[in-house]
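Below: the structure, in structure tokens.
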Amino acid sequence: MGITSTVQCNFPTLSLNARSSRHMLPIYHYIYCLYNHTQSIVPYPLRSLPLLCLMELDLVLLLRLAWMVPIVPIVLALLPFPFLGIFRQLVKELAVRGKLKGSTRFTVPQRYFLHFYIMAVILTTCLLISTWAYAYAKMTPLSSEPRSYSTITSHLIGGSNTFSLKVWKTVFLLLLLEIQALRRLHETLNVFHYGPSARLHIMGYFTGFFFYVVAPLSLASPCIIEVENFLRAQIAEFIVKGRDKMSDLRIDPPGLVNPLLSLGWCQWVGAAIFFLGWVHQFRCHSILGSLRENKGADEYIIPYGDWFKYVSCPHFFAEIVIYVGILVASGGYDITVWLLLIFVATNLSFAAADTHRWYKQKFEDYPRTRRAIIPFIY
């Protein structure tokens, strides 16, 4: 009867047949001792890093695939090949909205844009608060400070200083997106007065939901798994200990803000670009909202002022500038953020081309020097 020797540990169980593999026992024993020694010196939160990295990789791949799905057909529709005419018309029918929408079949009122921005504010706010709380509680300060034992321990538990920088950068990006979402919600409620004929295809409606779910998740993806585990741990601690035994919440305002102020030049250059587009988009939306003196009227007027001097859809161009700023603030290394920008640019360019064509057909005195979306180019 064979003798079986089993090594029990948290590592995958090793079962050896001593009669046939007796010479392998010293090697497995060495691996087992080395594993246990490693587990004893590595802080517990870091022991699950391989699994966290795998989960984060799966999420990132899923987000990138999600962006590619709408990007590919839009790019194909933008190509000037005659054999793509039917496909281009199909994409146009699904994407068209507002004054361009003729048929009301499979459409919803354009004022339903409000639903997108409510979703955007709720999701972005949740991600921002949770990521900011995680950064404040776990990440080492970006500014220099004495390397005390507690600082080094916090550094190890929170990860490397590079990861700490990545988390605070994520907070910065989500803060920019929150500012954008709040302004768009305000404009939908108080600036735009959608006419009765302003319709939106149901696919465009779902695309809006898609964008305002995937965009904040894309910006939060570099550390979203760690943030989720942090929140789970806090909830579990609350359930086990109860409120009375939980440590008091102490918030140091400088500790919440100073790491953001210590970010690099990329973040602040990106923020400057972001606010350039943000301000001009607000101005252009205000101009469009003021064109109808009577709310609900279907009369259209040629808009003038601000970037309307150069393009027919300056609010679309400003949106692209906004996400260029977010890309720069991200450092420009994340493919997911690049895909976010590509989706915004291709989607709005496709819509702007139709809007520009409609303006020229509608108004005989339409300014001939205006381009569709990019000044002097397109």
Side-chain angles (χ1 to χ4, degrees), residues 49-72 74-75 120 123-132 134-135 138-140 142 158-181 207 210-230 259-278 319-349:
L49 277 180
L51 179 59
L52 290 179
C53 291
L54 182 61
M55 294 171 63
E56 182 178 328
L57 181 62
D58 289 343
L59 175 63
V60 169
L61 289 175
L62 183 62
L63 289 170
R64 291 175 182 176
L65 178 62
W67 286 122
M68 289 300 297
V69 168
I71 286 174
V72 170
I74 295 174
V75 170
L123 180 56
T124 307
T125 300
C126 291
L127 289 171
L128 175 61
I129 292 175
S130 56
T131 307
W132 209 332
Y134 171 70
K138 295 295 184 181
M139 293 296 100
T140 57
L142 295 178
S160 67
N161 194 54
T162 301
F163 183 71
S164 177
L165 175 62
K166 182 164 64 173
V167 173
W168 282 107
K169 188 166 60 177
T170 300
V171 174
F172 191 81
L173 296 178
L174 288 172
L175 189 59
L176 294 180
L177 189 63
E178 178 83 341
I179 294 171
Q180 170 70 357
T207 301
F210 160 83
F211 179 82
Y212 285 108
V213 169
V214 180
L217 289 176
S218 297
L219 298 184
S221 62
C223 57
I224 194 170
I225 303 299
E226 292 82 359
V227 172
E228 179 189 3
N229 287 338
F230 167 73
L260 295 175
L261 300 178
S262 302
L263 291 172
W265 65 269
C266 275
Q267 283 69 55
W268 294 108
V269 170
I273 297 172
F274 170 89
F275 281 108
L276 173 67
W278 192 90
E319 182 100 354
I320 295 175
V321 172
I322 285 170
Y323 286 96
V324 167
I326 289 178
L327 174 66
V328 173
S330 74
Y333 299 107
D334 193 339
I335 296 177
T336 311
V337 183
W338 273 100
L339 291 173
L340 164 60
L341 173 61
I342 291 172
F343 172 79
V344 170
T346 54
N347 181 47
L348 295 182
S349 296

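It should be emphasised that the depicted structure is a prediction, and the values quoted were computed from it without experimental measurement. Every heavy atom of this structure was used, including side-chain atoms; hydrogens, water molecules and symmetry mates were not. Along the sequence shown, residues are numbered consecutively beginning with 1.
For I335, the CD1 atom counts as loosely surrounded, since its 6.0 Å shell holds 12 or fewer non-hydrogen atoms of other residues, nucleotides or ligands.
What you find for L63 and S221 is that their closest heavy atoms are CD1-CB, 3.7 Å. Taking each heavy atom of V214 and A66 in turn, the nearest pair found is CG1-CB, 4.5 Å. Minimum interatomic distance between L174 and A220 (heavy atoms only, all atoms of both residues): CD1-CB, 4.1 Å. The two atoms that bring A120 and Y212 nearest to each other are CB-CD2, 3.4 Å, heavy atoms only. Of all the heavy atoms in V167 and C223, the pair that sits closest is CG2-CB, 3.9 Å. Between I273 and V328, the shortest heavy-atom distance links the atoms CD1-CG2, 4.1 Å.
For Y323, the ring pair (Phe, Tyr, Trp, His ring centres under 6.0 Å) partners two or more places apart in sequence, or in a different chain, are F211. Not counting sequence neighbours, the partners of Q267 by the side-chain contact (heavy atoms from CB on, under 4.5 Å) test are K169, F172, L263.
Atom-to-atom distance recorded for N229:CG and Y134:OH is 8.5 Å, nearest 0.5 angstrom. The CG atom of L173 sits 12.5 Å away from atom NZ of K166, with the distance rounded to the nearest 0.5 Å. Separation of atoms CG (L341) and CD1 (I322) is listed at 11.5 Å; rounding is to 0.5 Å. Distance check: L177 CG to T124 OG1 gives 4.5 Å after rounding to the nearest 0.5 Å. Note that CG of L175 and CD of Q180 are 12.5 Å apart. Values are rounded to the nearest 0.5 Å.
With respect to L219, the side-chain contact (heavy atoms from CB on, under 4.5 Å) criterion is satisfied by exactly one of L176, T131, I326, L128: I326.
Residues R64 and D334 form a side-chain contact, since some pair of their non-hydrogen atoms from C-beta on lies under 4.5 Å apart. Looking at L217 and L127, their side chains come closer than 4.5 Å, going by heavy atoms from C-beta outward. Side-chain contact between F343 and L339 is absent, with no heavy atoms from C-beta onward closer than 4.5 Å. Side-chain contact between F274 and L327 is absent, with no heavy atoms from C-beta onward closer than 4.5 Å. The shortest distance between side-chain heavy atoms of F230 and S130 does not fall below 4.5 Å.
Using a distance-only test at 3.5 Å, with no hydrogens or angles considered, no donor-acceptor pair links the side chain of S349 to the main chain of T346.
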Next item on the list: Would you check, one step at a time, whether the test side chain to side chain contact (heavy atoms under 4.5 Å, CB included) holds for W168 with W132?
Entry: CA-CA 8 Å; W168 282 107; W132 209 332; 3.5 Å; yes

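Side-chain polar atoms of W67 and S218 form a donor-acceptor pair below 3.5 angstrom.
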